[in-house]
S.K.: 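Attaching a single structure in structure tokens format; questions to follow.
None of the values given here were measured: they were computed from a predicted structure. Every chain is numbered from 1, with letters handed out A, B, ... down the list of sequences.
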Amino acid sequence: MEKKDGFLIRFYAVLKYEVLWHLRKKKVLGIMILAFGLATLSLALPVVLGNMYNRPIEPDPDRITSISMFSGELWYFLLAIILGMNSISGEFESGTIIPLLTKPISRTLVFLSKMASTLLIMIGTYIFLFTYLTLGNILLYGPQNNLHLISLQLIGNILSTLVWVSIVFAIGSVTKSSQMAALGSFGIWLGLNLIVGIYALFTGDTWFLTYFPGGGQTGYLKVEGSPIPTAGPQIKTGTGSIAENLVTLALNPSAIVNFIRFEIGGGEGIKILEVYTETLSYVVSRSFIVAIVYVFLFSFIAWYALKRAQISD
Amino acid sequence: MEIPIEIENLTKKFGSITAVKNATLKVEPGSIHGFLGPNGAGKSTTIKILLGLLKADEGKAKIFGKNALDGSPEIRQNVGYMPELPKFPKHLTGEELLELYGQMYGVPKDEIKKDIPHLIELVGLSGREQNKIGEYSKGMQQRLGIAQAMINDPELLILDEPSIGLDPVGMVEIRNLLKSIAKEGRTIFLSSHLLNEVQQICTHITIINKGSIQASGSLSDLRNGLSLEPSIILEVLNLNDNIVEAVKTIPNVKDTVVDGQRLRVNLNTREDVRSLVSQKITSMGGVIIEMNQTIETLEDVFLKLVTKPER
């Protein structure tokens, strides 16, 4: 039998091994069914409510760009858990890591293949859901403007999900436990959503939320001529809001974001004060960089833990 | 020809426990080398160090002359390995597993596909290759373990307890399979705690206990090196002191042990001296009811080595 150095043959083999694992696991099928159900619900609900209250759905050519298609921290987090929690740790738990790592492939190649397969399945899931939602919205609301912006939403969703995937991978690789990967990631997600939020509420400092995985700080799009700093739509600055912000930026390239604070007392009730402003392009660029830094940082931890792992059982 | 496996003063500790202690051994090309020891002796740990799954604390290990301790994947290119109680992804079919593992050796899919039917047949899995591994019995997974270890046509085959989980018929089949593989000129390094198995297939043996190598060499070298003598066991009517003394005068008789009518005659030679012994006993009035010449088995060697006090 001819033996070749073929990096690509080896990479393809591990990639296929991983993709088949993802596709044949019932939980991946489960999340796809859940997502399909949610997507169907988001399409059907306005129709059902409209019929109930005799308010028929009217054509809306900007529907696609005004809704967030499968965005939100909880969704990113759940998808990451489903895709990543067993990817590395499951190999250790089932013992399949032994025959895998005794093949003439490096642990780096195994890690890269696992990341790549997760990315592929994630992209596949989003493409399927986006196609379904786009067609559904066209069917219900008529021809849509700016369909090309869907690709920006797709990029944003993938990057936001990838942040959580890398966190799940890192915890799974360090602890070699799928349960720890899921629970640890959930702890981080919950901690960031609750503890950091509560801290921000008490101290009034919210700028640092931008630098944690999650929704980030809340700002408002500046409305020209309006003295009210919260007059425009809400803008979140975190890694979980990249998709919506990218679309908003594409539609409003020169948009400004107001950041505010509340002041209570002085006999005037609650006053909303504009603290500072940032351009939306800056907000988007920063969240992109923060997300990429997290992806690299946690991927490095996951890779290093796999590289150093000693397999005794 | 490069030495398939060479280990020198290899040491591996897990905390305060020394799993492998200054282990030194050499596996000759083309041999079936048994790595024998009780459970927890350090066999699997040694193998895992060789394959880069564990890191050694001290010592050297080479596979075909190349350093096996740096974790380089190239070391494993000409090695087939079957783990103890192998676990394979249950969602794959046997055929898919062989195909993917084969590609991990850098062999193109088309070439692997040609070899898979032969391998499947060789290990007795014909007709089941399309089934998911999750549907395989333990024995079938064991067979698949051997097939996947041979998917790269390796020069060195490392098998960790290959008979575990097999029924007696399966064990015989696997033994015959290993013998036929060895005839093709491959080297087999076989870890086992089954003395009988090792004795039946192996040309060379290393005995390990509590992490230390107790003995290493060919089976006959081990017997000779450890001065393990054959003996004759007899059951004799009218056995008395005169008969016993007369037997002691026969050349190459080392000593005797009497237990009722049973007489054990320990010898200094492997030559068959049963006729001399029987003539002597009969001439002295004894009646031989039963007589057997025994050569110590590997079990005797093994038990002596693993039960002796630690060095």
S.K.: Given heavy-atom pairs under 4.5 angstrom as the criterion, report whether the side chain, backbone, both or neither of Leu100(A) touches chain B.
M.R.: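 Answer is both: backbone and side chain atoms of Leu100(A) are under 4.5 Å from chain B.
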S.K.: Less than 4.5 Å apart, any side-chain heavy atom of Ser312(A) and any of Leu54(B)?
M.R.: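 A side-chain contact exists here, since the closest heavy-atom pair is under 4.5 Å.
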S.K.: Phe14(B), Tyr81(B), Tyr101(B): which one forms the most heavy-atom pairs within less than 4.5 Å of chain A?
M.R.: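 Highest number of pairs under 4.5 Å: Tyr101(B).
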S.K.: Please evaluate residues Lys90(B) and Arg24(A) with respect to the criterion side-chain contact (heavy atoms from CB on, under 4.5 Å), reporting the C-alpha separation (whole Å), side-chain torsions for both, the decisive distance (0.1 Å), and the verdict.
M.R.: CA-CA 10 Å; Lys90(B) 291 178 180 170; Arg24(A) 291 178 184 174; over 6 Å; no
S.K.: Under 4.5 Å from any heavy atom of chain B, what part of Phe11(A) do you find: side chain, backbone, both or neither?
M.R.: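 Neither part.
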S.K.: Search all heavy atoms of Tyr17(A) against all heavy atoms of Leu92(B) and return the closest pair with its distance.
M.R.: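 Residues Tyr17(A) and Leu92(B), closest heavy atoms: CD1-CD1, 4.1 Å.
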S.K.: Can you say whether Lys109(B) sits under 4.5 Å from chain A via the side chain, the backbone, both, or neither, judging by heavy atoms?
M.R.: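 Interface part for Lys109(B): side chain.
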S.K.: Do other residues, nucleotides or ligands put more than 12 heavy atoms under 6.0 Å from the CE atom of Met32(A)?
M.R.: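 Yes.
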S.K.: Using heavy-atom distances under 4.5 Å, tell me whether Pro86(B) contacts chain A through its side chain, its backbone, both, or neither.
M.R.: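 Contact with chain A involves no heavy atom of Pro86(B) at all.
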S.K.: Could you give me the CA-CA distance, side-chain angles and deciding distance for Met104(B) and Val14(A), then say whether side-chain contact (heavy atoms from CB on, under 4.5 Å) is met?
M.R.: CA-CA 7 Å; Met104(B) 288 179 200; Val14(A) 188; 4.1 Å; yes
S.K.: With rounding to the nearest 0.5 angstrom, report the OG1 to CG distance, Thr93(B) to Leu20(A).
M.R.: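 Rounded to the nearest 0.5 Å, the OG1-CG separation comes to 9.0 Å.
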S.K.: Is the number of heavy atoms from other residues, nucleotides or ligands under 6.0 Å of Lys55(B) NZ greater than 12?
M.R.: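 Yes.
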S.K.: Assess whether atom NZ of Lys179(B) is packed by more than 12 heavy atoms of other residues, nucleotides or ligands within 6.0 Å.
M.R.: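 It does: Lys179(B) NZ has more than 12 such atoms within range.
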S.K.: Tell me, yes or no, whether the heavy-atom count around Tyr132(A) atom OH, taken from other residues, nucleotides or ligands under 6.0 Å, exceeds 12.
M.R.: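 Yes, the 6.0 Å shell around OH holds more than 12 heavy atoms from other groups.
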S.K.: Are His22(A) and His91(B) side-chain neighbours, meaning at least one heavy-atom pair lies under 4.5 Å?
M.R.: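 No, side chains not in contact.
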S.K.: Side-chain donor-acceptor pair under 3.5 Å between Lys103(A) and Gln77(B), yes or no?
M.R.: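 Result is no, nothing qualifies.
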S.K.: Using a strict threshold of under 4.0 Å (side-chain N to carboxylate O), is an ion pair present between Glu99(B) and Lys16(A)?
M.R.: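 Glu99(B) and Lys16(A): salt-bridged.
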S.K.: Chain A heavy atoms under 4.5 Å from Lys48(B): which part of the residue, side chain, backbone, both or neither?
M.R.: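 Interface part for Lys48(B): side chain.
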S.K.: Counting only heavy atoms not in Glu121(B) (residues, nucleotides, ligands), do more than 12 fall under 6.0 Å from its CD?
M.R.: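 No, because the 6.0 Å sphere around CD of Glu121(B) holds 12 heavy atoms or fewer from other groups.
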S.K.: Heavy-atom distances under 4.5 Å only: say whether Ser106(A) touches chain B with side chain, backbone, both or neither.
M.R.: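 For Ser106(A), backbone and side chain are both near chain B.
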S.K.: Would you indicate whether the side-chain heavy atoms of Pro83(B) and Thr102(A) approach each other to under 4.5 Å?
M.R.: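 Not touching, per the 4.5 Å side-chain cut-off.
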S.K.: I need the full list of ring-ring contact (aromatic ring centres under 6.0 Å, His included) pairs touching residues 29-63 of chain B, with sequence neighbours left out, sorted by first then second residue.
M.R.: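 Qualifying pairs: His33(B)-Phe189(B), Phe35(B)-Phe189(B).
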S.K.: Do the charged groups of Lys87(B) and Glu93(A) touch, with an N to O distance under 4.0 Å?
M.R.: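 The answer is no: the pair does not qualify as a salt bridge.
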S.K.: By a 4.5 Å heavy-atom criterion (distance strictly below it), what part of Lys114(B) contacts chain A: side chain, backbone, both, or neither?
M.R.: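 Answer is neither: Lys114(B) stays 4.5 Å or more from chain A.
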S.K.: Relative to chain A, which segment of Glu96(B) carries a heavy atom at a distance below 4.5 Å: side chain, backbone, both, or neither?
M.R.: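 When you check distances to chain A, only side chain atoms of Glu96(B) fall under 4.5 Å.
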S.K.: For atom NZ of Lys176(A), decide whether the heavy atoms of other residues, nucleotides or ligands shown that lie under 6.0 angstrom number more than 12.
M.R.: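 Above 12, so yes.
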S.K.: Find the distance between CD (Gln103(B)) and CD1 (Ile105(A)) and round it off to the nearest 0.5 Å.
M.R.: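 Here the rounded value is 11.5 Å.
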